[in-house]
Amino acid sequence: MALSSDQITRFLKSVHPYDSLELEALTHLAQSFTATKYTADSWIYQFDRPAPGLFLIYEGAVEVTDGTGAVVSHLGLRNSFGERGLLRDGIAVTNARAEEDSLILQLPPKAFDQFLTASAAARKFFDRSRAEKTTNHSLATSRVQDLMATNPKCCAPDDSVHLAAQMMREHRISSLCVGHNRQLLGILTTKDMTNKVVAEGLPPETPVGAIMARDPLTLPPNALGSDVLHLMISRRIGHVPIVENGALVGMITQTDLTRFQAVTSAELLHHIAEAQSADEMAQVTARIPSLLVHLVGAGNRHEVVTRLITDVADAVTLRLLELAEAQFGAAPVPYLWLACGSQGRREQTGVSDQDNCLILHDDVSEGDMPYFHRMAAFVSDGLNTCGYVYCPGDMMATNPRWCQPLRVWRDYFNAWINKPDPEAQMLASVMFDLRAIAGDRNLFADLQDATLQQARENSIFVAHMVANSLKHTPPLGLLRGLATIRSGEHKNQLDLKHNGVVPVVDLGRIYALQGQLTSVNTRARLEEAAHAGGLSSSGAHDLLDAYDMIAETRLQHQAALIKQGKKPDNYLLPAVLSDLERSHLRDAFVVVKTMQSAAAQGRGVLS
């Protein structure tokens, strides 16, 4: 299958870090890629041979192994690989094999080096030391409870093989557990159906108990992924029931292992880029909770998890804008769609609404506005369909106030900074987290730089912003306790959003304003503030550790709810934590409260 340069460019636009390039540079980079079709089981490159460069999976799946043949990873759509093969004088230190018919994009080493030179995002993405930090928790060291399907399908031993086959077809699965009331008696697989029923010519009425594998090998939920791998390889099986205290609690298959590593945001992005409607994209975004569970279960840091989840929202937004232009025609003047809130900061979790706006070129006329109103409605409605619900505060491009020419946006920021009343403080807090998603990025670059400089120079505005940031306080009670919500639906629970991460988000925004920092991600703001001297190294270290503790507790809580079949939320019952966990969480809140006090007194904000 031959790919045109335009097809490759469109593909790269939805893959990080290639999406960090401006369109001209991206188009040039796309011309350096070549597309090659690999049949299943064929080598893409091999250990101890010249390394051919960087690869990117356009279609298919790839297995990467080390020099001994041990599996390093299973990769799926939009995964990059091969850059590690450049570590040793141009000689590959891994093998790469197509697990199925695959279409792979290849970037030669020289072009890859030029890409790294041109893009800071690429350098950060391919940084080996960071990659090692985020992959320490591999499949082999993950808990089975994070890998398994928690509601395995079961049948009784006296059910017919015909009924069993219908169940497998209906649920699109390759095995059934056999037993009564979660007591496992055996297992039936499609292989059994083929070899024992079809091949032997047994009638459809044959009871499952006659052909099932009795007393199958099992593992407990606290086993490791390495235990599963060893069992599957040594016994040549593809299905392992998970049993706890004699009761069946889950099932893990080879597909689950592959999905754990290969089914990432990359696969979701691929399907989104090919979707032809919001309804099709909604089928993809419905898998975000599963993605969150997998990412958290793999031990990824919170900023990695939220970045990958936000990438999905970005891809949905971009695709909706493409579909809007396809339906309404090309925009009459240049525009820029921006996200704010958690999407703007790249900090989305399993619970997100939409916050967005449109900046239009100053050449826009009144006659052009209906076009952008239709576009905004199309995209906003599509986002809502995909689970990004309408903003309760109407901070959306569908609100005419947030769909304006650049000159009006300049006036907005000038007014907020020069007259910081309560509404201005609230709006500035939201709009200082703007991030460009699609369109003419030049419409925002100059505005952002000018606004940050103006804000930094206005001490009264900064003082008001500091005061506004202190409205969200950590949940600290008397006598070293945690202050929970006193009444209502979430009584006796902690709000890990408004009293947990939001106070740190607010502090990060203050540091960014004072230091004239362009990053909008909270962790990046804290790191840059420490590097620029706006935050002491010790203060930054403590605050980053506290933020990590709170944010990761929040994600673990959401993942736990999803695994229980519930909707994720931000409300945690302290009783579910151990004494040690509660102590650490409280210590984190104390650090945040201390830094808020320092900000209120003018310390730690600007040196």
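The figures here come from the full heavy-atom set of this structure, side chains too, leaving out hydrogens, waters and symmetry mates. Bear in mind that the values here come from a model prediction, so they are computed numbers and not experimental data.
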Exercise for the section: Using modelled atom types only, decide if a donor and an acceptor are shared between the side chain of R582 and the backbone of L577 within a distance under 3.5 Å. Expected result: yes
Fill in the blank from the handout: Nearest heavy-atom approach of G439 to L336 is C-CD1, 3.8 Å
Problem - Pairing of R307 and D311 as salt bridge, 4.0 angstrom limit - result: yes
Handout entry: Spacing of CD1 belonging to I485 relative to CG belonging to L494, to within rounding of 0.5 Å
Key = 7.5 Å
Handout entry: Nearest-0.5 Å distance that lies between atom CZ in R345 and atom OG in S519
Key = 13.5 Å
Handout entry: Test item: Q348 side-chain N/O and S342 main-chain N/O as donor-acceptor pair under 3.5 Å
Key = no
Handout entry: Pair N414, Q454: side-chain N/O donor-acceptor within cut-off below 3.5 Å
Key = yes
Practice task
Provide the closest heavy-atom pair for P475 versus F589 in the form atom of the first, atom of the second, distance.
Solution key: CG-CE1, 3.5 Å
Exercise for the section: Please report the closest heavy-atom contact between L291 and V312, naming both atoms and the distance. Expected result: CD2-CG2, 4.4 Å
Practice task
Would you confirm whether S119, through its side chain, and F115, through its main-chain N or O, come within 3.5 Å as a donor-acceptor pair?
Solution key: no
Handout entry: Pair D314, Q343: side-chain N/O donor-acceptor within cut-off below 3.5 Å
Key = yes
Exercise for the section: Assess whether side chain to side chain contact (heavy atoms under 4.5 Å, CB included) is satisfied between L434 and V520, documenting all intermediate values. Expected result: CA-CA 7 Å; L434 285 174; V520 292; over 6 Å; no
Handout entry: Candidate pair M395 and M431, rule side chain to side chain contact (heavy atoms under 4.5 Å, CB included), full reasoning
Key = CA-CA 10 Å; M395 303 288 290; M431 294 304 178; 3.4 Å; yes
Exercise for the section: Determine whether the aromatic ring centres of F444 and W337 lie less than 6.0 Å apart. Expected result: no
Practice task
Would you check if there is a donor-acceptor pair between the side chains of H557 and D569 at a distance under 3.5 Å?
Solution key: yes
Problem - Over 12 non-hydrogen atoms of neighbours within 6.0 angstrom of CD1 in I460 - result: no
Exercise for the section: Output the distance between atom CG (L338) and atom CZ (R441), rounded to the nearest 0.5 Å. Expected result: 9.0 Å
Handout entry: Heavy-atom side-chain contact between L360 and L406 under 4.5 Å
Key = no
Practice task
Could you tell me whether the side chain of V316 reaches within less than 4.5 Å of the side chain of V284, counting heavy atoms only?
Solution key: no
Problem - Atom pair OG1/CZ of T522 and R346 - distance to nearest 0.5 Å - result: 12.5 Å
Handout entry: More than 12 heavy atoms from other groups under 6.0 Å of CD on E489
Key = no
Fill in the blank from the handout: So CZ of R407 and CG of L447: to nearest 0.5 Å the spacing works out to 14.0 Å
Completion exercise
Output for pair (R509 CZ, S429 OG), nearest 0.5 Å, gives 4.5 Å
Handout entry: Residue pair Y511 / L543, side-chain heavy-atom distance below 4.5 Å
Key = yes
Completion exercise
Here the pair of heavy atoms bringing A438 nearest to L318 is CB-CD1, 3.7 Å
Exercise for the section: Examine Y18 together with F11 and report whether their ring centres are nearer than 6.0 Å. Expected result: no
Exercise for the section: Please check if any side-chain donor atom of D495 sits under 3.5 Å from a side-chain acceptor atom of N570, or the reverse. Expected result: no
Problem - Backbone of V389 reached by a side-chain donor or acceptor of D353 within 3.5 Å - result: no
Problem - Backbone N/O of A551 and side chain of Q556: donor-acceptor pair under 3.5 Å - result: no
Practice task
Quick one: do E423 and R401 satisfy salt bridge (Lys or Arg N to Asp or Glu O under 4.0 Å)? Show the steps, please.
Solution key: CA-CA 14 Å; E423 183 189 34; R401 188 179 185 184; 3.4 Å; yes
Exercise for the section: Tell me yes or no: between the side chains of Q354 and S380, is some donor less than 3.5 Å from an acceptor? Expected result: yes
Exercise for the section: Answer yes or no: is there a side-chain heavy-atom contact under 4.5 Å between I437 and R435? Expected result: yes
Problem - Minimum side-chain heavy-atom gap L544-E527 below 4.5 Å - result: yes
Exercise for the section: Keeping the roles fixed (side chain from Q425, backbone from P420), state whether a donor-acceptor pair exists under 3.5 Å. Expected result: yes
Exercise for the section: For W409 and L358, indicate whether the former's side chain and the latter's backbone hold a donor-acceptor pair under 3.5 Å. Expected result: yes
Exercise for the section: Begin with the C-alpha distance, continue with both residues' side-chain angles, and end with the deciding distance and a verdict on side chain to side chain contact (heavy atoms under 4.5 Å, CB included) for L268 and I288. Expected result: CA-CA 9 Å; L268 273 61; I288 289 177; 4.2 Å; yes
Practice task
Mind listing the closest non-hydrogen atom pair of L513 and A455 along with its distance?
Solution key: CD2-CB, 4.1 Å
Exercise for the section: Might you work through the side chain to side chain contact (heavy atoms under 4.5 Å, CB included) test for D446 and Q448, ending with a clear yes or no? Expected result: CA-CA 5 Å; D446 291 343; Q448 184 184 40; over 6 Å; no
Handout entry: Considering all heavy atoms, the nearest L320-L383 contact
Key = CD1-N, 3.6 Å
Problem - R523 with D548: basic N within carboxylate O range, under 4.0 Å - result: yes
Practice task
Apply the test side-chain hydrogen bond (donor to acceptor under 3.5 Å, both in side chains) to residues N356 and T317: give CA-CA distance (whole Å), side-chain angles for both, the deciding distance (0.1 Å), then the verdict.
Solution key: CA-CA 10 Å; N356 46 62; T317 306; over 6 Å; no
Exercise for the section: Examine the side chains of E347 and T306 and answer whether a donor and an acceptor come within less than 3.5 Å of each other. Expected result: no
Problem - Heavy-atom check, side chain of L476 versus side chain of K593, under 4.5 Å - result: yes
Exercise for the section: Answer yes or no: is there a side-chain heavy-atom contact under 4.5 Å between I550 and L585? Expected result: yes
Problem - Y388-T285 side chain donor-acceptor pair, cut-off 3.5 Å - result: no
Handout entry: Plane angle bin for W416 and F413 - parallel if under 30°, tilted between 30 and 60°, otherwise perpendicular
Key = perpendicular
Exercise for the section: Kindly state whether the ring of H302 and the ring of Y547 have centres lying under 6.0 angstrom apart. Expected result: yes
